[in-house]
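Inspection log for the structure reproduced underneath, given as structure tokens.
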Protein chains: 4
Amino acid sequence: MSKGRRGRPRSEAVHLAILRATLSLLLESGYSAVSMDKVAALAGVATQTVYRRWPSKGPLVAEAVMHAYEQSDFTLPDTGDTFADLRTWMRMLAEVGSTAENAALIRSLVAAAAEDLHDRDTLSAQLTGRFHDAVAERLRSGVSAGQIREDAAINAAADALIGATLYHLLSVTSSAQETEELYMAVIEVVARGISK
Amino acid sequence: MSKGRRGRPRSEAVHLAILRATLSLLLESGYSAVSMDKVAALAGVATQTVYRRWPSKGPLVAEAVMHAYEQSDFTLPDTGDTFADLRTWMRMLAEVGSTAENAALIRSLVAAAAEDLHDRDTLSAQLTGRFHDAVAERLRSGVSAGQIREDAAINAAADALIGATLYHLLSVTSSAQETEELYMAVIEVVARGISK
Amino acid sequence: MSKGRRGRPRSEAVHLAILRATLSLLLESGYSAVSMDKVAALAGVATQTVYRRWPSKGPLVAEAVMHAYEQSDFTLPDTGDTFADLRTWMRMLAEVGSTAENAALIRSLVAAAAEDLHDRDTLSAQLTGRFHDAVAERLRSGVSAGQIREDAAINAAADALIGATLYHLLSVTSSAQETEELYMAVIEVVARGISK
Amino acid sequence: MSKGRRGRPRSEAVHLAILRATLSLLLESGYSAVSMDKVAALAGVATQTVYRRWPSKGPLVAEAVMHAYEQSDFTLPDTGDTFADLRTWMRMLAEVGSTAENAALIRSLVAAAAEDLHDRDTLSAQLTGRFHDAVAERLRSGVSAGQIREDAAINAAADALIGATLYHLLSVTSSAQETEELYMAVIEVVARGISK
DNA sequence: CCCTAAGCGAGACGGTACGTCACGTCTTCCT
DNA sequence: AGGAAGACGTGACGTACCGTCTCGCTTAGGG
């Protein structure tokens, strides 16, 4: 028997205002500049209202970043040519990651995950995990298509691709072109390592 | 006229006490639990004394972590067989990273780097950067030895290896054995991708 | 034209539950520990339901305390001997005031009155005021009976008696016996001051 | 061996600023309007600085009020005529208590004392207690002078005088003249009660 | 039998205050 | 000078209350 909703329902507008405020602070000055107080103030909301929905900074930042990419489509294309598709996709990643804003957001997620063990699983599973799975999926489809060896270590290959991307994003600030060149080189190494 | 040292010289004991206190807090409760106040208190030292030597938490944590691994030798062996050497080395990495303490330290560094853009270069350059360079160096030596193709993208391969390692460390908590298996699979992919 | 009561009538049970909850908090931890939220929670009632009946903490506490003494009879006896009656009555006061619970309740009222000028008149008029009037009344009856001088300052005498009582209650914690001795001494002074 | 003062000494200016801010808030809007935050803000001081010196509102208000009367001399005159001296002194009390400001300060003290049992002893002992003792002292001197009976209950008389004063202050707002008349009547009753 | 009005529990909401912790600076004394 | 001690302004933390509000549900009239 459904108990039904009791009490005043949570305002959707408030939810959005908080996420928008968080994003704004994140983009302006980075993860460490985000504070529950500032978020609340900027969202025109009481501190308690933020805490009522998110227990701490980590999950809030996580949801805010996810929210920012909600519309984005990070699915890999499937034209039949696995490695060409990978190249297309990672070119897009390179482009996305080359804007300061996007890089800052990703780094924020990593900061949140690294800071609090508790948040880590949620965060990585939801963000980088989705990327990893998408890549692995496409690679498996490449196996079926006969372009990749049956005994290739799909997960290891996906780890190498996603790992290299993440590592590069965290380590240096480089131009979109340099980044793209590096990604293409990584793909080449991995492709040669798993193709028939 | 020799300028010499004026005034009371800085105590080496104090330096060590602060580093030890920092490490201890880091291991106990992670990066966010480290505070200059607590470090000073635990080291039996005045706050000012900490600030006199490190401008903020980031560099202090960095030095403390580096100090912890100062004795450790992360150079790759060179037995002549490049890929066997890589395997040996990454087996060691897997082992090191599988203890909770070491994993916590690495994550602390990443948190520091991701949180503060200013600290990023210092931190990653000094830690992961050294690993990356060591691997790249060994791979180049493998090129000379005729085990690796001359046109292989050495940096990309190193990025893939170090990146996969870092990504794995940040994403999941897994047993030493699982970690080792994954690393071996990654090496296999990369090795096949760059070997002659 | 009788307007009549429209809508659901206020529940008497709720009223009592709130008063009981307030008293309970008052006795447990004093005036400052009473909060509308806690009262509502303890009474198993919605916050709004409390506010619908009392505008703020002051009047609520006042009514709760009054409610506690509703049954009690604080009228002075009239056996014909004015001062003997006063002694009897103040012996009872001493006894009542010597239990921690009762002392706490009285102090609560004083706190409410002292804190908020707005509540003061209500509170003191209803509680200490009633005592003062009862004493003054009995003294006037003593005048008629020829035991007290016609030109005696009845109000001043009542102020002295009630004032000394209140002052003692607020200042120190003393045993019932000590309190009683003091009260008897006060009566003696006042009695000698106003008797024929 | 004296350990000596270590560290930066507490600023006297800060101490005074806080007391002045507290007094100002007290006079403006009463005890309940005083908050540690507002006091700090008004004093141009950090919240923490207030907490470093006073654990809570009660003692702070207490010290602020005491500070306000520090210069005042509440000793009873001793001209030889005990009851004339009492009258002189209570006329002064009536005048002091008839200004809204002073009445508010006294009520603040009572509120602080009534609210927190812990503060009570300190407060009443230091404020009303001093008055009580002063009166009792003067009465005893009246005994020596042969104006008061040897077996008179000095403490009870003092309680009656101070109690009536306090009770009147807490109960009603009245003009200086009405107050003075009442006090004179109280003195007359008590005087007649204890004189030879 | 629906209709309107009010009571009621639940809980969201904007505020204000709480008391604590951390940051980085400053002041004092001692070595 | 270095160093220990600790005050200080700033500002975030997470919690507690305040008094108001918005829900859905109940309990009474009145048409």
Side-chain angles (χ1 to χ4, degrees), chain A residues 3-11 13-15 32-41 43-53 55-57, chain B residues 5-11 13-14 32-41 43-53 55-57, chain C residues 3-11 13-14 32-41 43-53 55-57, chain D residues 3-11 13-15 32-41 43-53 55-57:
Chain A
K3 174 104 146 331
R5 283 279 161 269
R6 306 264 257 134
R8 176 172 173 177
R10 293 192 175 176
S11 153
V14 159
H15 202 88
S32 60
V34 175
S35 82
M36 301 299 258
D37 280 18
K38 275 196 223 147
V39 165
V45 141
T47 323
Q48 189 61 41
T49 301
V50 182
Y51 280 106
R52 206 173 286 126
R53 292 150 190 257
S56 61
K57 194 164 85 164
Chain B
R5 285 276 167 272
R6 302 254 270 134
R8 178 173 172 176
R10 292 195 174 173
S11 152
V14 159
S32 58
V34 175
S35 81
M36 303 300 259
D37 281 20
K38 276 195 218 145
V39 165
V45 141
T47 328
Q48 189 61 40
T49 303
V50 181
Y51 280 106
R52 207 171 284 125
R53 292 149 193 260
S56 63
K57 192 163 88 166
Chain C
K3 182 127 131 314
R5 283 276 165 272
R6 299 263 268 138
R8 179 175 174 174
R10 292 192 177 175
S11 153
V14 159
S32 59
V34 175
S35 81
M36 301 300 258
D37 280 20
K38 275 196 220 146
V39 166
V45 141
T47 328
Q48 188 62 43
T49 303
V50 181
Y51 280 106
R52 205 172 287 124
R53 292 148 192 260
S56 62
K57 192 165 87 165
Chain D
K3 174 108 147 331
R5 283 280 162 269
R6 303 267 257 136
R8 176 174 175 175
R10 294 194 175 173
S11 153
V14 159
H15 202 88
S32 60
V34 175
S35 81
M36 301 300 257
D37 280 19
K38 276 196 222 144
V39 166
V45 141
T47 323
Q48 189 61 43
T49 302
V50 181
Y51 280 107
R52 208 173 285 125
R53 292 151 190 256
S56 61
K57 193 164 85 165

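Here is how names work: the chains are called A, B, and so on, in the same order as the sequence lines, proteins then strands, and each is numbered from 1.
D:R52 is linked by a side-chain hydrogen bond (donor to acceptor under 3.5 Å, both in side chains) to nothing, counting only residues two or more places apart in sequence or in another chain. Applying the side-chain hydrogen bond (donor to acceptor under 3.5 Å, both in side chains) criterion to D:R8, with sequence neighbours excluded, gives no partner residue. Scored by the side chain to side chain contact (heavy atoms under 4.5 Å, CB included) test, D:S32 finds C:E115 as partners (sequence neighbours excluded). With sequence neighbours excluded, the residues that form a side chain to side chain contact (heavy atoms under 4.5 Å, CB included) with D:A43 are D:A17, D:I18, D:A21, D:V45.
Phosphate proximity of F:dG6 to D:R53: absent, as no side-chain N or O sits under 4.0 Å from OP1 or OP2. Within the 4.0 Å cut-off from OP1 or OP2 of E:dA12, not a single side-chain nitrogen or oxygen of A:S11 is found. An OP1 or OP2 oxygen of E:dG14 is reached within less than 4.0 angstrom by a side-chain nitrogen or oxygen of A:T49. Between D:R10 and F:dA5 there is no side-chain N or O to OP1 or OP2 distance below 4.0 Å.
A:R10 and A:H15 form no side-chain donor-acceptor contact under 3.5 Å, judged by distance and modelled atom types alone.
Side-chain contact between B:R53 and B:T49: present, with at least one pair of heavy atoms (C-beta onward) separated by less than 4.5 Å.
Atom-to-atom, NE2 of A:H15 to P of E:dC13 comes out at 10 Å; the value is rounded to the nearest Å.
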Base versus backbone protein contacts along nucleotides 12-17 of chain F [heavy-atom cut-off under 4.0 Å; B, S, -]: SBBBBS
So which protein nitrogen or oxygen atoms get under 3.5 Å of nucleotides 26-28 of chain F's nitrogens or oxygens?
| from | atom 1 | to | atom 2 | distance (Å) |
| --- | --- | --- | --- | --- |
| F:dT26 | O2 | C:R8 | NH1 | 3.0 |

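Each of A:A46 and C:A46 was assigned the nucleotide of DNA chain E with the nearest heavy atom; the assignment lying further toward the 5' end belongs to C:A46.
The nearest pair of heavy atoms linking D:V50 to D:A40 is CG2-CB, 3.8 Å.
In this structure a side-chain-to-backbone donor-acceptor pair under 3.5 Å is missing from C:K57 to C:M36.
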